[in-house]
Amino acid sequence: MIGGSAMGATVPWVYPLIMMASVGTAILLRGRTPQPSGLDPRQRWGIGLGAFCGAMIGAKLPFALADWEGLLTGRAWAENGKTIVFGMVGGYLGVEIAKALLGVRVKTGDGFAVPVAGAVAVGRLSCFAAGCCHGVATRLPWGVDFGDGVRRHPTQLYEIAFHAAAALGLAALQRRGLFRGQLIKLYILGYLAYRFATEFIRPEPRLAGGLTGYQWACLGLAPVFLALWARDARSMRARPGMTPEITDDRSSPPPGRGNG
């Protein structure tokens, strides 16, 4: 998270308001997205809680680890600094841990793809309002002055557009039954590719090879999710005729099993 301008300080209520809107968007879209049948309320709430806690911990963890003293005292968890890259991964792991603890074997990933994309699109508005997470200086006509007299790439708006388009695209794929069982991985892989590309116009510190820490994270995480994709694809091929994901029919449990 790049330090911003005084813009955010003049409207301190904007950040919590946008965050509430983001959570509300996730809840609204989650309620309108087909969910796995055969889950009781305890399992549904547990999986949702696992996703939320995993995302929050993952988003803060890199910054907390960078401040060892703050990590030990707990201060690092309350300070600014979150990353969507690790927030997504943390949410994915949180769901898998919750499913293991609750004994859930049906796939749930597709039910999170659209709600998460929509929520992130709304949540990124807080970064634009605060003037953080901006891009490098630009002469393009849509450059934005975030309070320091320099017109910069509004990378927050670029990312809002990406996640909003992803939510619409994922919803369309889900309606058509395409990429069933793979939608959340498709979304994460798409974001990793997007983030790798846009890091070239973000003022993040350059590490080995001239790449930022986020770019190295993307390069490290992409093979993991490609491997998960391949594993699930093999599982589906091994069970022809069996649907791997969620369905609108809540009267009978879905036959597919595995991780989402």
Side-chain angles (χ1 to χ4, degrees), residues 1-12 14-19 21-22 55-56 58-67 70 76 79-91 116-169 187-225:
M1 185 173 185
I2 302 300
S5 66
M7 181 186 296
T10 62
V11 283
V14 168
Y15 181 82
L17 185 65
I18 294 176
M19 287 297 98
S22 176
M56 292 299 101
K60 290 291 296 182
L61 188 60
F63 296 92
L65 291 176
D67 180 6
E79 293 179 343
N80 288 334
K82 290 183 287 293
T83 166
I84 292 179
V85 172
F86 285 94
M88 286 184 176
V89 176
V116 170
V120 175
V122 174
R124 267 301 192 185
L125 287 170
S126 65
C127 298
F128 183 73
C132 65
C133 307
H134 53 64
V136 298
T138 180
R139 295 182 179 179
L140 292 172
W142 56 79
V144 176
D145 178 359
F146 290 100
D148 59 358
V150 178
R151 297 179 67 85
R152 303 177 184 277
H153 281 284
T155 47
Q156 314 96 322
L157 299 184
Y158 301 166
E159 189 152 328
I160 289 168
F162 169 84
H163 292 289
L168 293 173
Y187 171 50
I188 293 174
L189 285 166
Y191 180 66
L192 293 177
Y194 164 86
R195 186 59 184 268
F196 183 90
T198 56
E199 280 294 290
F200 290 109
I201 58 170
R202 287 169 60 104
E204 297 287 347
R206 302 290 157 174
L207 306 178
L211 302 180
T212 70
Y214 291 106
Q215 287 175 313
W216 280 112
C218 291
L219 289 175
L221 290 169
V224 174
F225 283 92

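If you read the sequence from its start, that first residue is 1, and numbering goes on from there. Computation of the quantities below employed the complete heavy-atom set of this structure, encompassing side-chain atoms and omitting hydrogens, waters and symmetry-equivalent molecules.
Pairs passing the salt bridge (charged side-chain N to carboxylate O under 4.0 Å, His left out) check and including a residue from residues 205-215, sequence neighbours excluded, do not occur. A salt bridge (charged side-chain N to carboxylate O under 4.0 Å, His left out) check over residues 213-223, counting only residues at least two apart or in different chains, returns nothing.
Summarising the geometry, atom CG belonging to Leu219 is positioned 6.5 Å from atom CG belonging to Leu211; distances are rounded to the nearest 0.5 Å. Atom CD of Glu204 is separated from atom OG1 of Thr198 by 10.0 Å, given to the nearest 0.5 angstrom. Annotation: the span from Ile84 atom CD1 to Tyr214 atom OH amounts to 9.5 Å, rounded to 0.5 Å.
The minimum heavy-atom distance between Cys133 and Arg202, with the atom names listed, is O-NH1, 3.6 Å. Nearest heavy-atom pair across Ala222 and Leu189 is O-CD2, 3.7 Å. His153 approaches Tyr158 most closely through the heavy-atom pair ND1-OH, 2.8 Å. Scanning both residues, Pro203 and Gly135, for their nearest heavy atoms gives CD-C, 3.7 Å. Val150 and Ala137 get closest at one heavy-atom pair: CG1-CB, 3.7 Å. Minimum heavy-atom separation, Phe128 to Pro154: CE1-CB, 4.3 Å.
For Arg151, the side-chain contact (heavy atoms from CB on, under 4.5 Å) test picks out no residue, with sequence neighbours left out. Residues passing the side chain to side chain donor-acceptor pair (under 3.5 Å) test with Arg152, sequence neighbours excluded: Asp148. Looking at residues two or more places apart in sequence or on another chain, you find a side-chain contact (heavy atoms from CB on, under 4.5 Å) between Ser126 and Tyr15, Ile18, Met19. Scored by the side chain to side chain donor-acceptor pair (under 3.5 Å) test, Thr212 finds Glu199 as partners (sequence neighbours excluded). Qualifying salt bridge (charged side-chain N to carboxylate O under 4.0 Å, His left out) partners for Glu159, counting only residues two or more places apart in sequence or in other chains: Arg124. Residues satisfying the ring-ring contact (aromatic ring centres under 6.0 Å, His included) criterion with Phe225, sequence neighbours excluded, are Tyr92. Under the side chain to side chain donor-acceptor pair (under 3.5 Å) criterion, Tyr194 pairs with no residue at all, not counting sequence neighbours. Partners of Ala21 according to the side-chain contact (heavy atoms from CB on, under 4.5 Å) rule, which considers only residues two or more places apart in sequence or in another chain, are Val122. Looking at residues two or more places apart in sequence or on another chain, you find a side-chain contact (heavy atoms from CB on, under 4.5 Å) between Leu207 and Trp216.
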_Run the side chain to side chain contact (heavy atoms under 4.5 Å, CB included) test on Val85 and Tyr191 for me, step by step, so that the C-alpha distance in whole Å, both residues' side-chain angles and the decisive distance to 0.1 Å come before the verdict._
CA-CA 8 Å; Val85 172; Tyr191 180 66; 3.7 Å; yes

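Side-chain polar atoms of His163 and Tyr187 form a donor-acceptor pair below 3.5 angstrom.
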